[in-house]
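Here is how names work: the chains are called A, B, and so on, in the same order as the sequence lines, proteins then strands, and each is numbered from 1. Because only heavy atoms are used, hydrogens play no part in the values below, and waters and symmetry mates are left out as well, while side chains stay in.
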2 protein chains.
Amino acid sequence: MNHMVHQSPLDEAFAALSDPTRRGILTQLGDGPATVGELAQPAGITVTGMAKHVRVLENAGLVVTEKIGRTRQCRLGAERLDDAMAWISFYQRLWERRLDGLDAYFTLQKGHEK
Amino acid sequence: MNHMVHQSPLDEAFAALSDPTRRGILTQLGDGPATVGELAQPAGITVTGMAKHVRVLENAGLVVTEKIGRTRQCRLGAERLDDAMAWISFYQRLWERRLDGLDAYFTLQKGHEK
DNA sequence: ACTTTGATGAACCATGTGGTTCACTATTGC
DNA sequence: GCAATAGTGAACCACATGGTTCATCAAAGT
């Protein structure tokens with residue numbers, strides 16, 4: 001599972017969020033930090049598999065980890081999440097503008113149709 | 001490029017958003033509806049390739065299309081976008097709660113450390 | 001010192017993804 | 001009716017992804 005050739009940080013953030021297992025990890029971390037093993041168990045996958053997911057989340061900027069002794073503590077990180085949120089908000093503005101445009105169009109039609 | 005075995009609508013929405021070409025499509029559609037060909041040209045890919053992207057966006061609920069004569073008009077659709085936004089918001093609440101928790105923890109430590 | 005435990009790395013596998021080309025269908029314009 | 005145009009479908013390609021197993025390393029526990 002490699003660094004991948006993503007151009008924008010948004011690529012990594014959205015890609016990371018597109019996997020249900022990874023969203024589950026984030027949800028679990030919402031209840032507090034956890035080690036890789038503690039994340040793997042409820043997810044029902046191997047520790048090796050979980051380590052990969054954690055790495056994906058980490059270089060998407062959604063999770064921060066720290067190696068403590070032989071365990072690795074994972075906790076939420078939120079920088080990139082804000083980026084994703086910002087992009088979606090921007091897109092919603094576009095969408096609303098579109099709707100307004102349509103609205104104006106229909107209003108115009110109504111005016112003309114009598 | 002197939003339907004893919006995504007479990008949740010969120011999977012499809014986030015996966016669709018993780019591709020820069022597809023985010024570009026959404027941005028372009030923010031300026032008004034466009035045909036597949038009109039989307040393909042600025043993106044610098046073939047019409048066939050663009051048709052696939054449009055299909056991905058469509059069954060992610062982010063775009064709505066309508067075949068008019070021999071062209072296919074694409075416009076923004078936003079149902080799933082709200083889902084994505086809602087999920088991110090929820091996650092941000094978790095994150096803030098975490099921060100509050102840490103804050104409380106440090107405050108507690110400070111109280112104990114005298 | 002030895003054993004257990006948590007995590008990592010490498011190799012592997014099946015399937016998905018983003019793109020292409022080529023052949024085809026269906027609409028439009030003359 | 002015929003030629004040009006817009007899009008679709010199938011086959012293909014290189015590479016990414018999500019998962020596994022097995023071997024290894026490093027920290028703890030006894």
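Between Thr71(A) and dA27(D) there is no side-chain polar atom (N or O) within less than 4.0 angstrom of OP1 or OP2. Residue Arg55(A) places none of its side-chain N or O atoms closer than 4.0 Å to OP1 or OP2 of dG18(D).
The side chain of Val47(B) has dT8(D) as its nearest neighbour among dT20(C), dT8(C), dT8(D). Among dT8(D), dG6(C), dG19(D), the nucleotide with an atom closest to any side-chain atom of Ala51(B) is dT8(D). Side-chain proximity of Arg70(B) to dT8(D), dT28(C), dT21(C): nearest is dT28(C).
Whole-Å rounding puts the Phe14(B) CZ to dG16(C) C1' distance at 20 Å. What separates CG of Asp11(B) from C1' of dT17(C) is a distance of 15 Å, to the nearest Å. One can place NE2 of His53(B) at 16 Å from C1' of dT8(D), the figure rounded to the nearest angstrom. One can place CZ of Arg72(B) at 9 Å from C1' of dT8(D), the figure rounded to the nearest angstrom. Across the protein-nucleic acid pair, Asp19(B) atom CG and dA16(D) atom C1' stand 13 Å apart, rounded to whole Å. To the nearest angstrom, C1' of dT8(D) lies 16 Å from CG of Leu39(B). Rounded to an integer number of Å, the gap from CG of Leu17(B) to P of dG18(C) is 12 Å. Atom CD of Glu66(A) and atom C1' of dG6(C) are 16 Å apart (whole Å).
Arg23(A) CZ to Tyr91(B) OH: the interatomic distance, rounded to the nearest 0.5 Å, is 13.0 Å. Atom CD1 of residue Ile88(A) and atom CZ of residue Phe14(A) lie 4.5 Å apart, to the nearest 0.5 angstrom. Atom OG1 of Thr21(A) sits about 11.0 Å away from atom CG of Leu26(A), to the nearest 0.5 Å. Expressed to the nearest 0.5 Å, how far CG of Leu17(A) lies from CG of Leu62(A) amounts to 5.5 Å.
Comparing Gly44(A) and Ile68(A) by the nucleotide of DNA chain D whose heavy atom lies nearest to each, the residue mapping closer to the 5' end is Gly44(A). If Gly37(B) and Gly69(A) are placed on DNA chain D by their nearest nucleotide, the residue sitting closer to the 5' end is Gly37(B).
The only option from Glu58(A), Gln73(A), Arg75(A) that meets the side-chain hydrogen bond (donor to acceptor under 3.5 Å, both in side chains) definition with Thr65(A) turns out to be Glu58(A).
Side chain Lys52(B) to base dT20(C): a donor-acceptor pair is found below 3.5 Å.
Note on Thr48(B): a base of the nucleic acid sits closer than 4.0 angstrom, heavy atoms only.
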